[in-house]
Chemist: 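Quick one: the structure is below, and I'll ask about it shortly.
Start at 1 and go down the list; that is how both ligands and their atoms are numbered. One-based numbering along the sequence shown.
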Amino acid sequence: MVQMLIAGEREAARSGEEIEVLNPATEEVLESVPSAGPEDVDRAVQAAARAFEEWRQVDAEERAAKLRSFAELVKANRKELGEALTQEQGKPTMEAGGEVQHFVHGLEYYADLATKIRGVYQPLPSTLGRSYGMVVRRPVGVCVGIVPSNFPLTLTGTKLAPALAAGNTIVLKPSEETPLTMLRLAALLIEAEIPPGVVNVVTGGAETGEALIKHPLVRRIAFTGSTVTGRRIMELAAPEMKRVTLELGGSDPVIVCPDADLKGAVKTALIARFWNAGQGCLAGKRLFVFDEVYDDFVSALLEGVERYEPGVGWEKPEKPKIRIGPLTTERQRALVMDQLQDALDGGGELLYGGDPPDTPEKGFFLTPTVVQNPPRDSRVAAEEVFGPVLPVWRVSSLDEAIERANDTPYGLGSSVWTHDVRIINRVAQELDAGMTWVNQNHFGYDELPFGGIKQSGYGKEHGIEAMDYYFEDKSVVVGGL
Ligand code: NAD
């Protein structure tokens with residue numbers, strides 16, 4: 001069993017309970033991890049609360065240095081971490097390597113910001129005597145970071161790095177489906193001499209997450225995961241008014257205009273949908289293509305889809321094939337297949353895929369799938385599809401494209417393919433999403449704030465803006481001058 005990290009020590013659950021972690025490509029048990037109960041959660045939060053009193057006083061330079069040493073160790077162990085990602089989550093080696101690199105970049109980005117935190121000086125009217133105002137930034141205290149299954153490293157970094165840079169301490173909880181990579185980080189946190197209790201890792205499922213959120217010493221919760229879980233987290237955080245950011249599901253539209261660079265649009269539509277076997281919050285999940293280019297676009301798209309070859313992530317396919325790994329769980333594959341069946345029952349036309357592949361024989365694989373013109377109230381249009389199914393519709397005007405794109409409860413990302421500045425200006429204003437890419441793939445940059453609107457959540461991760469959520473700003477008036 002791989003142990004948790006509490007107060008700088010590797011620990012099992014006091015109850016002795018464990019959770020098995022499967023390799024989704026082989027269905028074999030990889031390892032087991034503790035299933036933390038309320039007592040373990042309490043130990044972790046108490047450790048974070050004790051550590052906070054010291055960590056908040058540590059020079060920003062030193063906090064930055066600790067984050068950098070940790071980043072260096074992650075770089076030195078990149079191969080092992082990438083392999084762990086592939087084993088437990090299923091993503092191909094190349095994608096896993098990209099995730100490790102993104103994680104390191106985020107650590108370095110926030111290490112740089114740790115020394116650039118500024119408050120405000122404000123001259124005030126002298127109605128009550130000469131005075132001035134200041135806004136001082138105080139770290140919030142004990143934070144909780146709850147991480148989903150699809151990007152176990154990147155989405156740990158988006159919480160851990162700004163929290164520590166701002167002087168907070170944190171208790172992290174990975175998904176029970178993909179906890180192993182985060183537990184490998186635990187060993188590196190000890191090696192990087194991050195003081196005991198500053199970062200703690202507890203493992204478990206929903207009950208462990210709920211115990212963390214309800215713990216009275218927790219002040220701030222950074223959650224990434226599904227919209228359903230996000231709703232529950234809001235409820236649990238409400239009684240004590242805990243600060244919450246929610247990075248939730250998405251159903252990103254991709255609009256391809258008549259003047260689009262079709263080659264680029266096809267290539268990125270494929271990456272945007274089939275990266276990580278379609279398990280991306282930011283995946284391009286609904287494709288709207290203008291009449292004028294529809295036939296050419298779809299035939300190039302189908303040529304591209306044929307190149308994807310389902311298989312184990314640690315083996316490279318023969319060129320020009322592209323590896324697509326399994327879904328992370330059997331439950332997820334069954335859900336995606338139900339959503340697809342609903343589209344077909346409603347009259348959608350299956351253009352490619354639609355079934356688990358014949359090989360590999362084991363594992364939660366699904367052939368990349370394209371379905372044309374499913375009903376607009378079908379599940380692939382109305383729900384988030386967290387797997388490799390791409391619905392495509394024809395549109396005849398920009399008004400129609402924007403209306404269809406916005407016809408979803410989600411509002412995470414969106415993209416448009418055009419060089420027409422009038423269209424760019426319109427979609428920048430009118431697409432209901434936290435982010436719009438123009439002639440680019442759906443990708444989150446550390447430098448730019450990222451977060452959803454509508455039922456994709458609220459609050460920002462990435463960018464300088466993410467730091468705002470790790471401080472309580474306090475106004476101070478100084479009089480008697
Ligand atoms: P999930 O909601 O099932 O689980 C996410 C995390 O929440 C896990 O650690 C899980 O153990 C924990 N959890 C579950 N129930 C809980 C509860 N009641 N209280 C506290 N914690 C609880 O999500 P998932 O299947 O792991 O991830 C996929 C979802 O995450 C998709 O909807 C995807 O779009 C979304 N996501 C969003 C972003 C974003 O930045 N907006 C990024 C990645 C993934």
Side-chain angles (χ1 to χ4, degrees), residues 19 21 24 33 35-36 41 88-91 99 102 106 144-159 171-179 181-182 201-215 218 221-237 242 244-252 275-285 327-333 335-336 339 383-387 408-413 433-435 442-446 448-462 466:
I19 301 172
V21 183
V33 299
S35 176
V41 163
E88 68 172 339
Q89 201 274 344
K91 61 187 66 190
E99 183 167 350
H102 197 179
V144 159
I146 298 186
V147 176
S149 54
N150 60 341
F151 289 100
L153 269 188
T154 312
L155 297 168
T156 295
T158 55
K159 295 158 185 62
V171 182
L172 293 163
K173 192 196 86 61
S175 162
E176 60 276 36
E177 283 142 14
T178 56
T181 319
M182 199 195 280
V201 179
V202 295
T203 47
E207 280 178 26
T208 310
E210 296 207 358
L212 276 170
I213 295 162
K214 287 193 280 193
H215 196 291
V218 168
I221 297 130
F223 173 73
T224 305
S226 64
T227 296
V228 173
T229 312
R231 279 192 202 103
R232 175 76 184 136
I233 283 174
M234 272 182 93
E235 268 173 39
L236 293 170
K242 293 179 178 173
V244 180
T245 49
L246 299 169
E247 302 288 345
L248 309 178
S251 186
D252 290 10
W275 190 263
N276 206 17
Q279 301 165 110
C281 55
L282 280 182
K285 295 182 182 128
L327 285 112
T328 303
T329 62
E330 174 60 61
R331 180 173 37 80
Q332 188 57 33
R333 179 171 68 173
L335 168 64
V336 173
Q339 290 170 314
E383 299 174 2
E384 176 180 45
V385 180
F386 210 57
T408 165
Y410 296 103
L412 196 56
M435 204 153 172
H442 296 215
F443 180 76
Y445 293 89
D446 289 314
L448 203 56
F450 163 75
I453 62 170
K454 293 160 73 179
Q455 292 184 34
S456 291
Y458 57 76
K460 300 290 180 196
E461 289 198 330
H462 298 303

Chemist: Does Glu207, at its CD atom, have more than 12 non-hydrogen atoms belonging to other residues, nucleotides or ligands within less than 6.0 Å?
Modeler: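 At most 12 heavy atoms, drawn from other residues, nucleotides or ligands, come within 6.0 Å of this atom.
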Chemist: If you take the nearest heavy atom of each of Pro148, Gly280, Ser226, which one is closest to atom 27 (O) of ligand 1?
Modeler: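 When every heavy atom of Pro148, Gly280, Ser226 is considered, Pro148 comes closest to atom 27 (O) of ligand 1.
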Chemist: Could you check atom 26 (O) of ligand 1 against the protein and tell me its nearest heavy-atom contact, residue, atom and distance included?
Modeler: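 Protein heavy atom with the smallest distance to atom 26 (O) of ligand 1: Ser149 N, 3.0 Å.
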Chemist: Is Leu212 touching ligand 1 with its side chain, its backbone, both, or neither, if touching means heavy atoms under 4.0 Å apart?
Modeler: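 It is neither part, as no heavy atom is under 4.0 Å.
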Chemist: Does Lys285 reach the main-chain N or O of Gly250 with its side chain, forming a donor-acceptor pair under 3.5 Å?
Modeler: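 It does hold such a pair.
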Chemist: Determine, using heavy atoms of Gly230 and all atoms of ligand 1, whether some pair is separated by less than 4.0 Å.
Modeler: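 No, Gly230 has no heavy atoms under 4.0 Å from ligand 1.
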Chemist: Considering the heavy atoms of Lys173, write down every atom of ligand 1 situated less than 4.0 Å from one of them.
Modeler: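 Once the distances to Lys173 are compared, the set is 8 (C), 9 (O), 10 (C), 11 (O).
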Chemist: For Tyr445, what residues pass the ring pair (Phe, Tyr, Trp, His ring centres under 6.0 Å) criterion, not counting sequence neighbours?
Modeler: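 Per chain and number, Tyr445 pairs via ring pair (Phe, Tyr, Trp, His ring centres under 6.0 Å) with Phe443.
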Chemist: Please state which protein non-hydrogen atom is closest to atom 42 (C) of ligand 1 and give its distance, to 0.1 Å?
Modeler: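 Here the nearest protein heavy atom works out to Cys281 SG, 2.9 Å.
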Chemist: What part of Glu384, side chain from CB on, backbone N/CA/C/O, both or neither, has a heavy atom under 4.0 Å from ligand 1?
Modeler: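 The part of Glu384 near ligand 1 is the side chain, not the backbone.
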Chemist: Which atoms of ligand 1 sit under 4.0 Å from any heavy atom of Glu176?
Modeler: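 Heavy-atom distances to Glu176 below 4.0 Å select 10 (C), 11 (O).
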Chemist: Tell me the nearest of Leu248, Asp252, Val144 to atom 41 (N) of ligand 1, using heavy-atom distances.
Modeler: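 Minimum heavy-atom distance to atom 41 (N) of ligand 1 goes to Leu248.
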Chemist: Any side-chain donor paired with an acceptor under 3.5 Å for Gln279 and Thr328?
Modeler: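 Yes, a side-chain donor-acceptor pair sits under 3.5 Å.
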Chemist: Given 3.5 Å as the limit, does a donor-acceptor pair link the side chain of Glu247 with the main chain of Glu461, or not?
Modeler: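 Such a contact is found between Glu247 side chain and Glu461 backbone.
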Chemist: Report the distance from atom CD of Glu384 to atom CG of Leu335, rounding to the nearest 0.5 Å.
Modeler: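 One gets 9.5 Å once the value is rounded to the nearest 0.5 Å.
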Chemist: What atoms of ligand 1 come within less than 4.0 Å of a heavy atom belonging to Val147?
Modeler: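 In order of numbering, the contacting atoms are 6 (C), 8 (C), 9 (O).
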Chemist: Would you say Ser175 touches ligand 1, if touching means a heavy atom closer than 4.0 Å?
Modeler: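 For ligand 1, residue contact (heavy atoms, under 4.0 Å) with Ser175 is present.
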Chemist: Does the plane of the ring in Phe450 sit parallel, tilted or perpendicular to the ring in His462? Use 30° and 60° as the thresholds.
Modeler: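 Tilted, since the angle between the ring planes falls between 30° and 60°.
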Chemist: Test of understanding: given a 4.0 Å heavy-atom threshold, classify the contact between Arg232 and ligand 1 as side chain, backbone, both, or neither.
Modeler: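 Under 4.0 Å from ligand 1, Arg232 contributes side-chain atoms alone.
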Chemist: Output the list of atoms in ligand 1 that are nearer than 4.0 Å to some heavy atom of Glu210, sorted by atom number.
Modeler: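 This gives 17 (C), 18 (N), 19 (N), 20 (C) as the contact atoms.
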Chemist: Any chance you could lay out the side-chain hydrogen bond (donor to acceptor under 3.5 Å, both in side chains) test for Thr408 and Lys454, step after step, and finish with the verdict?
Modeler: CA-CA 9 Å; Thr408 165; Lys454 293 160 73 179; 5.6 Å; no
Chemist: Which distance, rounded to the nearest 0.5 Å, do you find between the CD1 of Ile146 and the CD1 of Ile221?
Modeler: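 The CD1 atom of Ile221 is 7.0 Å from CD1 of Ile146, to the nearest 0.5 Å.
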Chemist: Please list, in number order, the atoms of ligand 1 under 4.0 Å from a heavy atom of Pro174.
Modeler: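 Selected atoms, number and element: 9 (O).
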Chemist: Is it the case that the side chain of Lys91 and the backbone of Trp275 share a donor-acceptor pair, with hydrogens and angles ignored and the cut-off at 3.5 Å?
Modeler: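 It does not hold such a pair.
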Chemist: Please indicate whether any nitrogen or oxygen in Thr224 is less than 3.5 Å from any nitrogen or oxygen in ligand 1.
Modeler: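 No - when backbone and side-chain N and O of Thr224 are compared with those of ligand 1, no distance drops under 3.5 Å.
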Chemist: Can you tell me the protein heavy atom closest to atom 35 (C) of ligand 1 and the distance?
Modeler: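 Here the closest protein heavy atom is Gly225 O, 3.2 Å.
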Chemist: Going by the order shown, which atoms of ligand 1 are within less than 4.0 Å of some heavy atom of Ile213?
Modeler: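 Those qualifying, in numeric order: 20 (C).
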Chemist: Give the residue, atom name and distance (to 0.1 Å) of the protein heavy atom nearest atom 7 (O) of ligand 1.
Modeler: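 Ranking protein heavy atoms by distance from atom 7 (O) of ligand 1, first comes Phe223 CE1, 3.2 Å.
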Chemist: If you round to the nearest 0.5 Å, how far is OG1 of Thr181 from CD of Glu99?
Modeler: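 Here the rounded value is 7.5 Å.
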Chemist: Quick one: does Phe151 get a heavy atom under 4.0 Å from ligand 1?
Modeler: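 Checking ligand 1 against Phe151, which is what was asked, there is no heavy-atom contact under 4.0 Å.
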Chemist: Below 4.0 angstrom from a heavy atom of Leu412, which ligand 1 atoms are there? Numbered from 1 as shown, please.
Modeler: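 Answer, ordered by atom number: 41 (N).
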Chemist: To which of Thr329, Leu155, Thr229, Val228 does the heavy atom nearest atom 4 (O) of ligand 1 belong?
Modeler: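 The nearest heavy atom belongs to Thr229.
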Chemist: Find the distance between CG (Leu246) and CD (Gln455) and round it off to the nearest 0.5 Å.
Modeler: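 Interatomic distance, Leu246 CG to Gln455 CD, rounded to 0.5 Å: 11.5 Å.
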Chemist: Taking Leu236's backbone N and O only, do any of them form a donor-acceptor pair with Glu210's side chain (distance below 3.5 Å, no angle check)?
Modeler: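 Such a contact is absent between Glu210 side chain and Leu236 backbone.
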Chemist: Number the atoms of ligand 1 from 1 as they appear, then name those within less than 4.0 Å of a heavy atom of Asn150, with their elements.
Modeler: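 What qualifies from ligand 1 is 43 (C), 44 (C).
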